[in-house]
Amino acid sequence: MHIIDQINVARDRGALTPETRQVVLFAGTNDTYPYVLNDHMPVPQIRENLRASISDAARAAREAAPSAKIKIVGMPQVSNGAGEVCPVNVVPNLPMSLPFVQIGEIETALEDAGRAAASDTDSTWVSLKQVSRGHEMCSNDRWVTGLIDTTSERRNLPLHMTDTGLRTIGNYVGKFK
């Protein structure tokens, strides 16, 4: 579900009201991967499209909850230092990077889009890079699992965060005033 759709559903279900005190927007990949995989859209255009999407969602949230503090949260560290990811993890303590899968540029663009959207909408920017460093997809203690991943800790979906990753970043984001 795209970020604006999540805002609209929350508003329509009564979970986003004038009494709402805080809104956390954690967006990026679901709003962009079809353009990367299917359309082969240039990364700068993906960045600007995501910036507009997050900005629109922040404005819609502010309209529904005018007194709420809005936090826009960046991407956790997903790629390793070479910009690689490990979509297949089946041998314990031996994540396998795929050098031909370069995510670093896209990851940076998603981070930049969120930061710019926070600035555009006078929202609080929360980067996850520092808190998630060392937990990228190619680490043994990864917070984002692979597509085929039998060695990560508990999670609900492939290519999503582990329970520990979600809990840790949730606590981290909650500390921002």
Contacts of type salt bridge (charged side-chain N to carboxylate O under 4.0 Å, His left out), residue Asp120, not counting sequence neighbours:
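Residues passing salt bridge (charged side-chain N to carboxylate O under 4.0 Å, His left out) with Asp120: Arg51.
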Hey, could you give me each pair passing salt bridge (Lys or Arg N to Asp or Glu O under 4.0 Å) that has a residue in residues 145-163? Not counting sequence neighbours.
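Those involving residues 145-163 are Arg142-Asp149, Arg154-Asp163.
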Determine which pairs satisfy salt bridge (Lys or Arg N to Asp or Glu O under 4.0 Å) with at least one residue from residues 62-82, sequence neighbours left out, and list them in order.
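Qualifying pairs, neighbours excluded: none.
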Can you tell me how far apart [atom1] ([X]) and [atom2] ([Y]) are? Round to the nearest 0.5 Å.
X: Asp122; Y: Arg59; atom1: CG; atom2: CZ; answer: 11.0 Å
X: Arg167; Y: Thr164; atom1: CZ; atom2: OG1; answer: 4.5 Å
X: Ser67; Y: Arg21; atom1: OG; atom2: CZ; answer: 11.5 Å
X: Asn8; Y: His2; atom1: CG; atom2: NE2; answer: 12.5 Å
X: Asn80; Y: Ile103; atom1: CG; atom2: CD1; answer: 11.0 Å
X: Ser53; Y: Ile46; atom1: OG; atom2: CD1; answer: 11.5 Å

How far apart are the closest heavy atoms of [X] and [Y], and which atoms are they?
X: Ile4; Y: Ala60; value: CD1-CB, 3.9 Å
X: Leu25; Y: Ile54; value: CD1-O, 4.3 Å
X: Val23; Y: Ala61; value: CG1-CB, 4.0 Å
X: Ile169; Y: Leu128; value: CD1-CD1, 3.8 Å
X: Val43; Y: Ala109; value: CG1-CB, 3.5 Å
X: Met137; Y: Pro87; value: SD-N, 4.0 Å

Just to verify, what does [X] make a side-chain hydrogen bond (donor to acceptor under 3.5 Å, both in side chains) with, not counting sequence neighbours?
X: Thr17; answer: Glu19
X: Asp112; answer: Arg115
X: Ser79; answer: Glu107
X: Arg13; answer: none

If we only count heavy atoms from C-beta on, is the [X] to [Y] side-chain gap below 4.5 Å?
X: Thr168; Y: Val131; value: yes
X: Val126; Y: Ile72; value: no
X: Ile70; Y: Thr124; value: no
X: Ile7; Y: Leu16; value: yes
X: Phe26; Y: Pro76; value: yes
X: Asn89; Y: Thr150; value: no
X: Phe176; Y: Gln22; value: no
X: Gln45; Y: Pro42; value: yes

Sequence neighbours excluded, every pair satisfying disulfide bond (SG atoms under 2.5 Å apart) that has a member inside [range]:
range: residues 146-177; value: none
range: residues 52-95; value: Cys86-Cys138
range: residues 43-80; value: none
range: residues 141-177; value: none

Side chains of Ser123 and Thr121, donor plus acceptor under 3.5 Å:
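Yes - a donor-acceptor pair under 3.5 Å links their side chains.
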Hey, are Ser132 and Gln77 close enough side-chain-wise for a donor-acceptor pair under 3.5 Å?
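Note: Gln77 and Ser132 side chains miss the donor-acceptor criterion.
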Any pair with a residue in residues 127-152 that passes ring pair (Phe, Tyr, Trp, His ring centres under 6.0 Å), sequence neighbours left out, goes on the list, sorted by first then second residue, please.
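For residues 127-152: His135-Trp143.
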Can Asp5 and Ile3 be said to form a side-chain contact (heavy atoms from CB on, under 4.5 Å), step by step?
CA-CA 5 Å; Asp5 298 327; Ile3 189 166; over 6 Å; no
Assess the residue pair Thr108 and Glu111 against the criterion (side-chain contact (heavy atoms from CB on, under 4.5 Å)); give the C-alpha distance rounded to whole Å, side-chain angles, the decisive distance to 0.1 Å, and a yes or no.
CA-CA 5 Å; Thr108 298; Glu111 184 82 353; 5.6 Å; no
Does the pair Val173 and Val24 meet the rule for a side-chain contact (heavy atoms from CB on, under 4.5 Å), with working shown?
CA-CA 9 Å; Val173 171; Val24 177; 4.2 Å; yes
Kindly work out whether a path of hydrophobic side-chain contacts (I/L/V/M/F/W/Y, heavy atoms less than 4.5 Å apart) joins Val78 to Leu157.
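No, no single cluster joins them.
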